[in-house]
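Let me begin by presenting the structure, written as structure tokens, before commenting on it.
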Number of protein chains: 2
Amino acid sequence: MFSKSCEYAIKAMIFVAQKSDSDSKVGLKEIAEGTDTPVPFMAKIMQELSKKKLVHSSKGPNGGFYMNKKNLKTSIADIVLATDGDGIYSKCVLGLKNCNEKTPCPVHHEYKDIKKKFIAMLEKNTITDFNEKLMTKKFFLKNEEN
Amino acid sequence: MFSKSCEYAIKAMIFVAQKSDSDSKVGLKEIAEGTDTPVPFMAKIMQELSKKKLVHSSKGPNGGFYMNKKNLKTSIADIVLATDGDGIYSKCVLGLKNCNEKTPCPVHHEYKDIKKKFIAMLEKNTITDFNEKLMTKKFFLKNEEN
DNA sequence: TTATAAAAAGATATTTTTATCTTTTTTTTT
DNA sequence: AAAAAAAAAGATAAAAATATCTTTTTATAA
């Protein structure tokens with residue numbers, strides 16, 4: 001569905017939102033550790049997210065990654081767009097080049113409704129929602145045993 | 001969404017279904033030409049589909065690929081399973097390892113319904129349906145201009 | 001103001017996917 | 001039986017995604 005980079009980015013965003021606040025930032029290693037992803041690869045991903053302003057960072061001692069209020073409103077769709085591009089919005093499910101409303105692929109109209117709901121889901125769910133869910137229910141960012 | 005191999009496989013299956021019948025088979029080159037895919041790559045894909053019995057083939061002069069009645073009932077889901085594996089059935093949308101009914105990811109329950117409809121779509125639509133659709137409406141396997 | 005801690009940036013390596021090329025086997029026709 | 005046509009199989013290459021390593025820049029704290 002999504003690329004590894006994108007999956008890691010989603011996990012990282014959730015992790016940073018949970019662990020950081022205005023004064024305490026989260027270091028790269030901690031993020032990688034907490035999400036079971038390779039450190040140098042996570043570094044690249046955090047650089048990208050930082051460049052695109054989905055998270056903020058500060059260098060130097062006690063530096064690290066953190067989020068402002070706007071960042072906490074980031075949706076999954078935002079993260080997917082930033083890492084994988086707008087394929088889910090624009091591309092034909094079957095990969096047909098000329099598929100559109102006028103010349104639809106065989107499943108175009110049937111998929112339209114599903115796609116709409118799927119995108120709505122990605123746009124509706126924000127990092128904050130996840131934090132709230134974490135309080136009550138459980139889910140895991142690490143590949144640990146349940 | 002799906003891999004290139006899978007997209008090409010779907011196109012090839014539709015093409016063979018349209019162009020072949022009991023006596024006349026379709027050659028590899030014709031399939032590649034008709035679906036805008038590189039010949040040697042399509043060769044690989046047809047070998048796989050043939051090995052997995054989604055199409056049949058015969059060697060020698062006037063040989064080529066063709067479908068029996070059972071093949072015409074192949075669904076998109078069958079093609080996806082054969083080429084990309086069962087990821088769409090088994091994997092978490094967000095890529096979380098421990099996501100399941102008991103310890104769901106933040107969108108697990110919300111995605112469940114979408115996933116169900118999506119899979120139903122893939123399973124419902126068969127190659128035959130597409131042939132029928134082709135008679136009335138238009139869609140393109142080639143990247144030609146509309 | 002110097003040392004240090006941390007991210008940013010850049011360069012390199014590995015793996016997977018996609019694509020291509022060559023040889024072999026099978027089948028049909030002559 | 002020989003030639004030819006076609007897919008099957010195997011080997012190789014290119015591109016993209018994933019992963020790693022090294023150097024540079026920045027900011028803090030001693």
Side-chain angles (χ1 to χ4, degrees), chain A residues 1-13 15-16 19-20 23-33 35-67 71 80 82-85 87 95 143, chain B residues 1-13 15-16 19-20 23-33 35-67 71 80 82-85 87 95 143:
Chain A
M1 181 70 80
F2 305 128
S3 70
K4 278 260 166 70
S5 298
C6 181
E7 291 179 1
Y8 291 171
I10 294 170
K11 292 210 259 182
M13 290 288 285
F15 188 83
V16 173
K19 298 278 173 168
S20 77
D23 4 70
S24 83
K25 289 145 197 161
V26 203
L28 172 66
K29 268 176 237 163
E30 202 186 337
I31 299 172
E33 216 295 300
T35 56
D36 263 320
T37 57
V39 178
F41 195 29
M42 183 51 84
K44 277 291 166 209
I45 290 165
M46 294 313 294
Q47 275 171 37
E48 274 301 301
L49 294 177
S50 180
K51 203 181 279 176
K52 287 176 179 166
K53 304 275 173 62
L54 299 191
V55 291
H56 286 89
S57 69
S58 68
K59 294 181 174 182
N62 297 319
F65 298 91
Y66 62 96
M67 286 184 172
N71 293 148
V80 173
T83 52
D84 286 357
N143 300 333
Chain B
M1 180 71 81
F2 305 129
S3 70
K4 277 261 165 70
S5 298
C6 182
E7 290 180 1
Y8 290 172
I10 293 170
K11 293 209 258 181
M13 289 289 285
F15 188 84
V16 173
K19 297 279 173 167
S20 77
D23 6 69
S24 84
K25 289 144 199 163
V26 203
L28 172 66
K29 267 177 241 165
E30 202 186 337
I31 299 172
E33 217 294 300
T35 56
D36 264 318
T37 57
V39 177
F41 195 30
M42 183 52 85
K44 278 289 167 215
I45 290 164
M46 294 313 294
Q47 275 170 37
E48 274 302 300
L49 294 176
S50 179
K51 204 182 276 176
K52 287 176 178 164
K53 303 278 172 63
L54 299 191
V55 292
H56 286 88
S57 70
S58 69
K59 294 181 175 183
N62 298 319
F65 298 90
Y66 61 97
M67 287 185 172
N71 293 147
V80 172
T83 52
D84 286 356
N143 299 334

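- Between B/K4 and B/Y8 the shortest side-chain heavy-atom distance falls below 4.5 Å.
- Classification of B/E33 and B/K29 as a salt-bridged pair fails, no side-chain N sitting under 4.0 Å from a carboxylate O.
- Looking at B/Q47, its side chain has no donor and acceptor atom pair within 3.5 Å of the base of D/dA7.
- With DNA chain D read from its 5' end, the first of the two nearest nucleotides for B/S50 and A/F2 is the one closest to B/S50.
- Listed nucleotides D/dA19, C/dT18, C/dA5 differ in distance to A/P61; the shortest reach to its side chain belongs to C/dA5.
- A/K19 places no side-chain N or O within 3.5 Å of a backbone atom of A/V26 that could act as its donor or acceptor partner.
- Taking atom CD1 of A/I45 as the reference point, atom C1' of D/dA17 lies 11 Å away to the nearest angstrom.
- Between C/dA19, C/dT26, D/dA19, one nucleotide has an atom nearer to the side chain of B/P38 than all others, and that is C/dA19.
- For the pair B/L49 CG and D/dA7 C1', the computed distance is 14 Å after rounding to whole Å.
- Base contact: B/K44 has a heavy atom under 4.0 Å from a base atom.
- One can place NZ of A/K4 at 11 Å from P of D/dT20, the figure rounded to the nearest angstrom.
- Counting to the nearest Å, the P atom of C/dT12 and the CZ atom of A/F41 are 19 Å from each other.
- Side-chain N/O atoms of A/N62 include one lying less than 4.0 angstrom from OP1 or OP2 on D/dA29.
- The residue B/V55 sits apart from the nucleic acid: no heavy atom pair falls under 4.0 Å.
- For the pair A/S57 and C/dA8, the criterion of a side-chain N or O lying under 4.0 Å from OP1 or OP2 is met.
- To the nearest angstrom, P of D/dG10 lies 12 Å from CD of B/E48.
- Between B/Y8 and C/dT18 there is no side-chain polar atom (N or O) within less than 4.0 angstrom of OP1 or OP2.
- With a cut-off of 3.5 Å on both pairing distances, the Watson-Crick or G-U wobble partner of D/dT24 is C/dA7.
- A donor-acceptor contact shorter than 3.5 Å is absent between the side chain of A/D84 and the backbone of A/F2.
- Rounding to whole angstrom units, CD of residue B/E7 and P of C/dT17 are separated by 15 Å.
- Closest to the side chain of B/S5, out of C/dT18, D/dA19, D/dA9, is C/dT18.
- Within 4.0 Å (heavy atoms only), A/G60 reaches at least one base atom of the nucleic acid.
- Minimum interatomic distance between A/K53 and A/N71 (heavy atoms only, all atoms of both residues): O-ND2, 3.0 Å.
- Taking atom CE of residue B/M46 and atom C1' of nucleotide D/dA8, one finds them 13 Å apart after rounding to whole Å.
- Along DNA chain D, the nucleotide nearest to A/K59 and the one nearest to A/A43 differ in position, and the one closer to the 5' end is contacted by A/A43.
- Looking only at side-chain heavy atoms (C-beta outward), B/N62 and B/K25 stay at 4.5 Å or farther from each other.
- In this structure, the CG atom of B/L28 is 20 Å from the P atom of C/dT25, given to the nearest Å.
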